[in-house]
Amino acid sequence: MTELIISLAVGIALSACSGFRVFVPMLVANLATRFQVLDLSNGFEWLSSPTATYILGAATVAEIMAYYIPVVDNLLDTITTPASFVAGTILTTSFLKIDSPELQWTLGILAGGGLAGTIQAGTGLLRLASTKFTGGFGNAFFATFENSIAVIFSLLTLWLPVLVAVLGVLLFVFLLKKVLKRLQTKNK
């Protein structure tokens, strides 16, 4: 039971981080499994392959750099929102060692994908507001903040997965409340 809780916490924590940057937590998961810090569930061995390391490394660098380019950062948000949902689903599912594939994927989609997608949507809205109020000049600040969060919390997940998972869920609840409040304000 403890192993299940830890594996779910690892998946949820890395999924939350993929809401900030899609490829950083995927790369951290890749390296952690390659160096045997974490174990993947059956069927996800591809995530620890050397090929995945090269692809995820290149994608991570490209994603981080692209968020510093005005206009590209907002365009990238439209692409990374569904991508973060997929990454969050894969990250949570890949660490869950459950005999039922239906339950494994359901938890991956709901917990991992939902969390990553919501956080990504929240950061996308924040970037749009920054673009509106600063003409895009403030976006580099947010890019640096998001990059730092993605890297630091992905690495912290290796040692404190339950803490990072709880922080991710709290951020999810906070962002969900903000989005619902904004929708209620628009409908009035």
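Both backbone and side-chain heavy atoms feed into the values below; hydrogens, waters and symmetry mates do not. Bear in mind that the values here come from a model prediction, so they are computed numbers and not experimental data.
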Any sub-3.5 Å donor-acceptor pair from Thr81's side-chain atoms to Thr78's backbone N or O?
no

Ser84 and Ser18: side-chain donor and acceptor closer than 3.5 Å?
no

Side chain proximity check, Ser154 to Leu14, heavy atoms < 4.5 angstrom
yes

Taking atom CD of Glu45 and atom OG of Ser49, what is their separation to the nearest 0.5 Å?
10.5 Å

For the side chain of Ser41 and the backbone of Ser94, is there at least one donor-acceptor N/O pair under 3.5 Å apart?
yes

Relative to the ring of Phe145, is the ring of Phe141 parallel (under 30°), tilted (30 to 60°) or perpendicular (over 60°)?
parallel

ILVMFWY network linking Tyr68 to Leu75, side-chain heavy atoms under 4.5 angstrom
no

Taking the side chain as C-beta and beyond, is there a heavy-atom pair between Arg21 and Thr80 under 4.5 Å?
no

For a quick check under 3.5 Å, do Tyr67 and Asp77 share a side-chain donor-acceptor pair by atom type?
yes

What is the minimum heavy-atom distance between Asn30 and Ala52, and which atoms define it?
ND2-CB, 3.6 Å

Taking side chain as C-beta onward, heavy atoms only, is Thr60 less than 4.5 Å from Glu63?
no

Can you list the steps and then say if Leu40 with Ser48 is a side-chain contact (heavy atoms from CB on, under 4.5 Å)?
CA-CA 8 Å; Leu40 295 166; Ser48 64; 4.0 Å; yes

Taking the side chain as C-beta and beyond, is there a heavy-atom pair between Phe95 and Leu8 under 4.5 Å?
no

Can you check whether Ser100's main-chain N or O pairs, donor with acceptor, with Glu102's side chain at less than 3.5 Å?
no

Keeping the roles fixed (side chain from Ser15, backbone from Gly88), state whether a donor-acceptor pair exists under 3.5 Å.
yes

CA sep, side-chain torsions, deciding dist, call: Leu4, Lys97, side-chain contact (heavy atoms from CB on, under 4.5 Å)
CA-CA 7 Å; Leu4 176 62; Lys97 295 178 182 136; over 6 Å; no

Applying the 4.5 Å side-chain criterion to the ILVMFWY set and letting contacts propagate, would Ile98 and Ile12 be lumped into a single cluster?
yes

Can you name the nearest heavy-atom pair linking Arg127 to Asn139, along with the distance?
CG-ND2, 3.5 Å

Are Leu158 and Val28 close enough that some pair of their side-chain heavy atoms sits under 4.5 Å apart?
yes

Taking every non-hydrogen atom, the tightest pair across Gly11 and Thr92
O-OG1, 3.1 Å

Where do Trp105 and Thr89 land on the side-chain contact (heavy atoms from CB on, under 4.5 Å) test, with the steps shown first?
CA-CA 8 Å; Trp105 280 99; Thr89 299; 3.9 Å; yes

Mind running side-chain contact (heavy atoms from CB on, under 4.5 Å) on Leu163 and Leu156 for me, showing each step along the way?
CA-CA 9 Å; Leu163 174 66; Leu156 277 176; over 6 Å; no

Work out which heavy atom in Ala29 is nearest to a heavy atom in Leu91; give both atom names and the distance.
CB-CD2, 3.8 Å

Looking only at side chains, do Arg34 and Thr53 share a donor and an acceptor under 3.5 Å apart?
yes

Same apolar cluster (I L V M F W Y, side chains within < 4.5 Å links), Trp159/Leu31
yes

What are the two closest heavy atoms between Val22 and Ala87, and how far apart are they?
CG1-CB, 3.8 Å

Side-chain donor-acceptor pair under 3.5 Å between Gln104 and Thr93, yes or no?
no

Please check this pair: side chain of Asn147 against backbone of Ala143, looking for a donor-acceptor N/O pair closer than 3.5 Å.
yes

Is Leu160 reachable from Val10 through a run of I, L, V, M, F, W or Y residues, each pair having side-chain heavy atoms under 4.5 Å apart?
yes

Looking only at non-hydrogen atoms, find the nearest pair between Leu115 and Ala16 and report the distance.
CD2-CB, 3.7 Å

Do Leu167 and Ile6 share a hydrophobic cluster, counting only Ile, Leu, Val, Met, Phe, Trp and Tyr and linking them when any side-chain heavy atoms are less than 4.5 Å apart?
yes

Thr33 side chain to Asp39 side chain, donor-acceptor N/O pair below 3.5 angstrom
no

